[in-house]
*Asks:* 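One structure, pasted below without further comment.
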Amino acid sequence: MLSLYLKAKEFLWAYFVIALVVVAILVHYSKYDIHVFINGYHNPFFDRFFLNYTNVGDGNFALFLILLMLLHSFRCSLFMATSVTITGIIVAFIKRVLFYGTPRPITFFKGLYHLYIVPGLEPNEINSFP
């Protein structure tokens with residue numbers, strides 16, 4: 001266990017520092033303030049990039065990665081497929097059972113703030129991840 005820590009020491013310290021900064025931001029600012037701040041930054045390059053990147057979360061991209069991993073090893077591919085499946089089931093359960101109907105930002109901010117929406121994107125209105 002100690003050798004694993006020594007191999008990943010720099011990564012773990014960087015992760016710890018970033019986690020502290022994120023927690024400090026979350027404690028100090030509301031989700032509303034953070035979303036409005038981030039929504040204010042956009043440009044045509046990133047609009048195009050994220051219009052395509054938004055589909056990375058679907059199952060097709062995960063399937064592509066699992067098949068690509070088959071070139072490396074069957075065991076790694078199986079591990080990744082199991083991981084993606086379990087994670088997908090947990091996230092679907094949380095979004096569709098425990099927090100069903102939670103408004104997504106486009107619905108939450110309606111009438112409060114005019115959100116910038118990437119042209120060509122049709123955002124969902126409910127089942128936001130908490």
*Asks:* So, taking the atom named CG in Asn127 and the one named OH in Tyr100, what distance separates them when rounded to the nearest 0.5 Å?
*Replies:*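 OH of Tyr100 is found 6.0 Å from CG of Asn127.
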*Asks:* Do Ile18 and Val23 sit in the same hydrophobic cluster, where Ile, Leu, Val, Met, Phe, Trp and Tyr count as joined when their side-chain heavy atoms come under 4.5 Å apart?
*Replies:*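 Ile18 and Val23: separate clusters.
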*Asks:* Using distance only, find each side-chain donor-acceptor pair of residues 108-121 under 3.5 Å and give its atom names and separation, not counting sequence neighbours.
*Replies:*
residue	atom	partner	partner atom	Å
Tyr116	OH	Asp47	OD2	2.3

*Asks:* Between CD1 of Ile66 and SG of Cys76, what distance do you get to the nearest 0.5 Å?
*Replies:*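 If I round to the nearest 0.5 Å, the distance is 12.0 Å.
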*Asks:* Should Val17 and Tyr15 be counted in the same cluster of Ile, Leu, Val, Met, Phe, Trp and Tyr side chains packed under 4.5 Å apart?
*Replies:*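 No, Val17 does not connect to Tyr15 through the hydrophobic network.
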*Asks:* Find the distance between CG (Leu63) and CG (Leu67) and round it off to the nearest 0.5 Å.
*Replies:*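 So the CG of Leu63 and the CG of Leu67 are separated by 4.5 Å.
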*Asks:* Would you name the heavy atoms of Ala81 and Thr85 that are closest together and state the gap between them?
*Replies:*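 Heavy-atom minimum between the residues: O-OG1, 2.7 Å.
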*Asks:* Nearest 0.5 Å, please: how far is CZ in Arg96 from CD1 in Ile126?
*Replies:*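 Answer for the CD1-CZ pair, Ile126 versus Arg96, is 9.5 Å.
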*Asks:* Nearest 0.5 Å, what's the CZ-CZ distance between Phe79 and Phe74?
*Replies:*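 So the CZ of Phe79 and the CZ of Phe74 are separated by 14.0 Å.
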*Asks:* Would one find more than 12 heavy atoms of other residues, nucleotides or ligands at under 6.0 Å from atom OH of Tyr32?
*Replies:*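 It does: Tyr32 OH has more than 12 such atoms within range.
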*Asks:* Do Phe46 and Ile38 sit in one hydrophobic cluster, given that two such residues count as connected whenever their side-chain heavy atoms are within less than 4.5 Å of each other, even indirectly?
*Replies:*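 Phe46 does not cluster with Ile38.
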*Asks:* Grouping I, L, V, M, F, W and Y whenever their side-chain heavy atoms are under 4.5 Å apart, do Leu78 and Ile86 come out in a common cluster?
*Replies:*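 No, no single cluster joins them.
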*Asks:* Within this structure, what is the CG-CG distance for the pair Asn60 and Leu65, rounded to the nearest 0.5 Å?
*Replies:*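 Reported value, rounded in 0.5 Å steps: 11.0 Å.
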*Asks:* Identify whether Trp13 and Val21 are in the same connected component of the hydrophobic contact network (ILVMFWY, side-chain heavy atoms under 4.5 Å).
*Replies:*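 No, Trp13 does not connect to Val21 through the hydrophobic network.
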*Asks:* Of all residues at least two apart in sequence or in a different chain, which pass the ring pair (Phe, Tyr, Trp, His ring centres under 6.0 Å) check with Tyr53?
*Replies:*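 If we apply the ring pair (Phe, Tyr, Trp, His ring centres under 6.0 Å) test to Tyr53, skipping adjacent residues, the hits are Phe49, Phe50.
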